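Not measured: the values here are computed from a predicted model.
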Amino acid sequence: MSLPNAEGPVSILIVDDRPNDAMMLSEVLSNPAYEIVVANSGPAALKRVLTQDFALILMDVVMPEMDGFEVASVIKQRERSRHTPIVFLTAAGQDVRAIYQAYSVGAVDYLSKPLDEVIVRAKVAIFADLFRKDRRIREQAAALLEADRRERELQLSQMRVLSEKRYRSLLEMIPASIWTADRDGQVDYCNHRWRESTTMHLDQTCGTGWLQAVHPEDATRAAELWRRAVETDEDYVGEIRLRARDGHRWHICHVMADREPGGRVRGWVAMFADCQELKAAIEVRDEFLSIASHELRTPLSTLMLQLDSLQRTLRDLTGADDRSRHKVDSALRQTQRLDKLVSDLLDVSRICMGRLELDRDEVDMVELARTCVEGFGEQAKRTGTTIDFHADGVVMGRWDRMRMEQVITNLLSNAVKYGAGKPVHVSVGGDRTHATIQVRDQGIGIASEAQARIFERFERAVSSRHYGGLGIGLYVTRQIVEAHGGTIGVTSRSGEGSVFTVDVPGSADDRAGDIPRSAVS
């Protein structure tokens, strides 16, 4: 509701069922500063109050249908009019109890008939002045609120502009072709990489112009996928050929919806990664991992030999204190742990480059597993874990002894690490055709949604803050098992432990062998 001007006339409501009395009072108050409104009954007065604000209500007490007290009571119950001052007009010498009743229903004063014109004007002037001041305060408060609202809108607008600039700056730095689109799928921005790669400027790319950069054989499919994404508000990932300076190149295309906090799509972002550049980057990464791993192995091996020699010397030295022995033991364990991490990285690089070779020989899987379990005695003791081993007879086959030992060791290491100090059970079974290895713990378990990805590179089922490692042990394990033509799987529930099962054929089949580069690139 807009407020009237604070300096304009104020409205005075006169309620009286006697026309002559109402007219006389109107003449007494005749003044450009007042707007006089007359109601000849209680219901008529209530209708006026519903549609208009008044600085003062002058109301006769005795009226048909509704007397003044009843009308005042209704007026005071309404939030908008409850603070409107009411002055009752009473007959001279009226019972004092009626006056008390007037005050009880919210009257601020009363005037006795016949009215004294001077007193009437004086009292009305006071209430009119109070109303003007109150209206002026409300206008000022509304102006302040409006100014504050405009200031906040300006600040939000400036923040949006700044955020948009930072967002665009970030997109300019990403080494991939990117464009953004509005809610309806009309492209409105493209970064420098897009412009440089496709040789298309922003005005050429805007709207649906970006499709001109798509290979003619892919254009229809790309347009259909884009239309479907906009209609269904769903992301999509695919491969597409885009124009380049040297022809058309395959790109991995990822279209993502930019959503508001409530989930409503407000725009789109599309990113195109050049497959040739990705392949080159992967090759550089793999080469770096290979070189770095090799370079680290030599000093680590030397350090472990020296620590091992120092450990033996301290054990044989009379008078050596336990504290020194403990420090050397701890240093050797940490160095061995680092050597294991470097070995895993080296294996990852070999796998990625297709250089992980198998050296098959006749192996008793039962004897190999028992040796691995015995080698974990000291580590299990430190965590309070007991390892039970069960096998019947021998299980012979042609496997790479060192790599299968690595498989069993990795599974044992995980079982001890995540087993919460509870017993770990290892079993080996099978015959000449195959070997089955099971490692069961009673620890934290693995959530169902994480069970598939834990066998991928650098994937973990739990936070690295609580458990160390790079998340590559199970990846390497799976690659070794599959290179033997076998399978590895896990059954688990959160909080109820895990069972890892490895099954490998007893002899090399036509599918098994060294890991090809194409399998892991």
Colleague: Any Lys/Arg nitrogen of Arg149 or Glu146 sitting under 4.0 Å from an Asp/Glu carboxylate oxygen of the other?
Modeller: yes

Colleague: Given 3.5 Å as the limit, does a donor-acceptor pair link the side chain of Ser498 with the main chain of Ser492, or not?
Modeller: no

Colleague: Looking only at atom types and distance, does a side-chain atom of Asp441 sit under 3.5 Å from a main-chain N or O of Val424, one as donor and one as acceptor?
Modeller: no

Colleague: Can you confirm whether the side chains of Asn191 and Ser177 place a donor and an acceptor under 3.5 Å from each other?
Modeller: no

Colleague: If only atom types and distance count, is the side chain of Asp235 paired as donor or acceptor with the main-chain N or O of Ala257 below 3.5 Å?
Modeller: yes

Colleague: Do Glu172 and Arg193 meet the salt-bridge criterion of a basic N to acidic O distance under 4.0 Å?
Modeller: no

Colleague: So that I can tick it off, tell me whether Arg249 and Asp274 are bridged by a salt bridge, with the cut-off set at under 4.0 angstrom between side-chain N and carboxylate O.
Modeller: yes

Colleague: Checking salt bridge (Lys or Arg N to Asp or Glu O under 4.0 Å) for the pair Glu234/Arg228: CA distance, chi angles, key distance, verdict?
Modeller: CA-CA 8 Å; Glu234 295 180 354; Arg228 190 183 308 163; over 6 Å; no

Colleague: Do the side chains of Asp361 and Arg401 get close enough for a salt bridge, i.e. N-O under 4.0 angstrom?
Modeller: no

Colleague: Looking at Arg382, I want to see if its CZ is surrounded by more than 12 non-hydrogen atoms of other residues, nucleotides or ligands under 6.0 Å.
Modeller: yes

Colleague: Can a salt bridge be assigned to the pair Arg80 and Asp53 using a cut-off of 4.0 Å between side-chain N and carboxylate O?
Modeller: yes

Colleague: Main chain of Gly267, side chain of Asp182: is a donor-acceptor contact present, judged purely on distance under 3.5 Å?
Modeller: no

Colleague: Quick one about Gln406 and Arg403 (side-chain donor to acceptor, distance below 3.5 Å, no hydrogens or angles considered), yes or no?
Modeller: yes

Colleague: Evaluate ring pair (Phe, Tyr, Trp, His ring centres under 6.0 Å) for Trp194 paired with Phe272, printing each intermediate quantity in order.
Modeller: CA-CA 9 Å; Trp194 170 276; Phe272 303 84; 5.5 Å; yes

Colleague: Could Asp258 and Arg183 be called an ion pair, given the rule that one side-chain N must be under 4.0 Å from one carboxylate O?
Modeller: no

Colleague: Quick one: do Arg221 and Glu224 make a salt bridge, cutoff under 4.0 Å?
Modeller: no

Colleague: Looking at Glu217, is its backbone amide N or carbonyl O close enough to the side chain of His215 to form a donor-acceptor pair, meaning the two atoms are under 3.5 Å apart?
Modeller: yes

Colleague: Less than 4.5 Å apart, any side-chain heavy atom of Thr477 and any of Ile488?
Modeller: yes

Colleague: Taking His484 for its side chain and Ile480 for its backbone only, find out whether a donor-acceptor pair lies under 3.5 Å.
Modeller: yes

Colleague: Quick check against the 3.5 Å criterion: does Asp400 have a side-chain atom that pairs as donor or acceptor with the backbone of Met402?
Modeller: yes

Colleague: Show your reasoning for whether side chain to side chain donor-acceptor pair (under 3.5 Å) applies to Asp503 and His434.
Modeller: CA-CA 7 Å; Asp503 194 276; His434 76 105; 3.1 Å; yes

Colleague: Would a 4.5 Å heavy-atom cut-off, applied to side chains only, mark Met396 and Arg432 as touching?
Modeller: yes

Colleague: Could you tell me if the ring centre of Trp268 sits under 6.0 Å from that of Trp226?
Modeller: yes

Colleague: Check the pair Val490 / Ile454 against side-chain contact (heavy atoms from CB on, under 4.5 Å), numbers first and verdict last.
Modeller: CA-CA 10 Å; Val490 61; Ile454 59 173; 4.2 Å; yes

